[in-house]
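What follows is one structure encoded as structure tokens, with my remarks underneath.
Note on naming: letters A, B, ... go to the chains in the order of the sequence lines (proteins, then strands), and numbering restarts at 1 for each one. Quick caveat, the model's predicted, so the values are computed rather than measured.
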Number of protein chains: 2
Amino acid sequence: MPELPPHHPPVGRSKPAERIRAAGARATPARIRVLELLTAAASPQSHHEIELALGADSLDRVTLYRVLDWLVEAGLAVKHVDERRVWRFALASGGEHGGHAHFRCDCCSRVYCLDVPAPQPPDLPRGFTLARAELDLTGRCAVCNRSVK
Amino acid sequence: MPELPPHHPPVGRSKPAERIRAAGARATPARIRVLELLTAAASPQSHHEIELALGADSLDRVTLYRVLDWLVEAGLAVKHVDERRVWRFALASGGEHGGHAHFRCDCCSRVYCLDVPAPQPPDLPRGFTLARAELDLTGRCAVCNRSVK
DNA sequence: TTGTACTTGCAACAGCGTTGCATTTGCATC
DNA sequence: GATGCAAATGCAACGCTGTTGCAAGTACAA
Ligand SMILES: [Mn+2]
Ligand SMILES: [Mn+2]
Ligand SMILES: [Zn+2]
Ligand SMILES: [Zn+2]
């Protein structure tokens, strides 16, 4: 097994196992596989989509929920509800989906990353604290529009 | 019972029963009460909140779901999921909550109407059609911030 | 290699919403 | 005002997404 190179890549880009240990937890197969999968994903993934992607030798349902929750707690992932009341998970801001807007298809529920910058956070009433400001776009995607032409 | 005045008010503002019949359905007590309630509501309401507001002589749970769904189908209301994966209902765009942004508290899940104009809808990729563009703000509200001081 | 706290898997559960079906009711028509 | 019927309701059973409790297994520090 090769030595680590003298200079590690930045944490946000290091290997899954390292990133998990850096967050103070054990690098288990479950966490590694899920983190790899989210890293490769082109859009936010639902629990169900991840289960399918993991294939036959999937994790236990509950374990997957716990892995996903841990990734969020650890700051490695973010989760949002989609218009079907399902959580969708993506790498956290340092990762992929922090700086741009997303489009959610009402019909197929797919999520698309757009080349639209995140909106300017507005002033809030006294006493409020902002965690997140997102431009939320919904409608029908090209795929669905074609099939109902 | 007094006669109708010679000029009706515009449909969007007429009495609940009229608005319901104008949408081609029967003006039942269930629909009238729920529509009145949404008209008076200061922010988008969940199924549960509406049940509580209706009080002891509430509707059947399922009937309330069906009334709410009908209101949406008929274009009289809009529904969105909140961060707890619960549907929230508000009068449709002609109504109250079309022209401004909302703040959702991650802690208590309340929805606040803000004095921030709705965002400019951006250009979408070819083949996509936009149904809704919303500025989605989340964080902690003043009430929750006070109680955890 | 060993010990232990952290993870996992399984079963049971909970919340929110939906479906099927028998009964009731708004309202168009007479 | 009475009549008839499609539309709306109430109730029970169900489904999907996510959670909790607990015994068994495992990563990794020592
Ligand atoms: Mn994205
Ligand atoms: Mn509003
Ligand atoms: Zn689509
Ligand atoms: Zn709050």
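Heavy-atom nearest nucleotides on DNA chain D were determined for B/V67 and for A/H47, and the one closer to the 5' end corresponds to B/V67. Between B/F89 and B/A27, the residue whose closest nucleotide on DNA chain C is further toward the 5' end is B/F89.
Taking a cutoff of 4.0 Å between a charged side-chain nitrogen and a carboxylate oxygen, B/D82 and B/R104 do not qualify as a salt bridge.
The aromatic rings of B/F128 and A/F103 sit perpendicular to each other, their planes meeting at more than 60°, with 30° as the lower class boundary.
The distance from atom CG of A/D60 to atom OH of A/Y65, rounded to the nearest 0.5 Å, is 11.0 Å. For the atom pair CD (B/Q45) and CD (B/E51), the distance works out to 12.5 Å, reported to the nearest 0.5 Å.
At a threshold of 4.0 angstrom between heavy atoms, the contacts of B/D69 are confined to the sugar-phosphate backbone, with no base atom among them. Residue B/V86 is in sugar-phosphate contact alone, with no base atom involved, counting any heavy-atom pair closer than 4.0 Å across all strands shown. Using a 4.0 Å heavy-atom criterion, one finds that A/T28 contacts the sugar-phosphate atoms exclusively. Backbone-only engagement by A/R21 is indicated by non-hydrogen atom pairs under 4.0 Å involving sugar-phosphate atoms exclusively. Across all strands, A/W87 comes closer than 4.0 Å only to sugar-phosphate atoms, never to a base (heavy-atom distances).
Spacing between atom CH2 of B/W70 and atom P of D/dA6 amounts to 20 Å, rounded to whole angstrom units. A straight line from CG of A/D82 to C1' of C/dG17 spans 15 Å, rounded to a whole angstrom. Whole-Å rounding puts the A/E51 CD to D/dG18 P distance at 10 Å. Rounded to an integer number of Å, the gap from CG of A/L35 to C1' of C/dT7 is 17 Å. At whole-Å resolution of the value, CZ in A/R84 and C1' in C/dC16 are 17 Å apart. The CD-P distance, from A/E49 to D/dG18, rounds to 11 Å in whole Å. For the pair A/I32 CD1 and C/dT8 C1', the interatomic distance rounds to 15 Å; values are reported in whole Å. Rounded to whole Å, the distance from CG on A/L68 to P on D/dT19 is 10 Å.
Put simply, B/Y65 has a side-chain N or O that comes within less than 4.0 Å of OP1 or OP2 on C/dG17. Dashed line: the shortest gap from a side-chain N or O of A/R31 to OP1 or OP2 of C/dT7 is under 4.0 Å.
The closest side-chain heavy-atom distance from A/L91 to A/L71 is not below 4.5 Å.
Donor-acceptor pairing under 3.5 Å, judged by distance alone, is present between the side chain of B/R66 and the base of D/dG10. Side-chain to base pairing of A/R61 with D/dG18: one donor and one acceptor N or O lie within less than 3.5 Å of each other. If you check distances only, the side chain of B/R26 does reach the base of D/dA6 with a donor-acceptor pair under 3.5 Å.
Closest contact between the side chain of B/T63 and the listed nucleotides C/dT8, C/dC16, D/dT9 involves D/dT9. With C/dT18, D/dG10, D/dT17 as the choices, the nucleotide that has an atom nearest any side-chain atom of B/L59 turns out to be D/dG10. With D/dT19, D/dT9, C/dG9 as the choices, the nucleotide that has an atom nearest any side-chain atom of A/D60 turns out to be C/dG9.
Listed for the A/R85 side chain is a donor-acceptor partner under 3.5 Å among the backbone atoms of B/R85.
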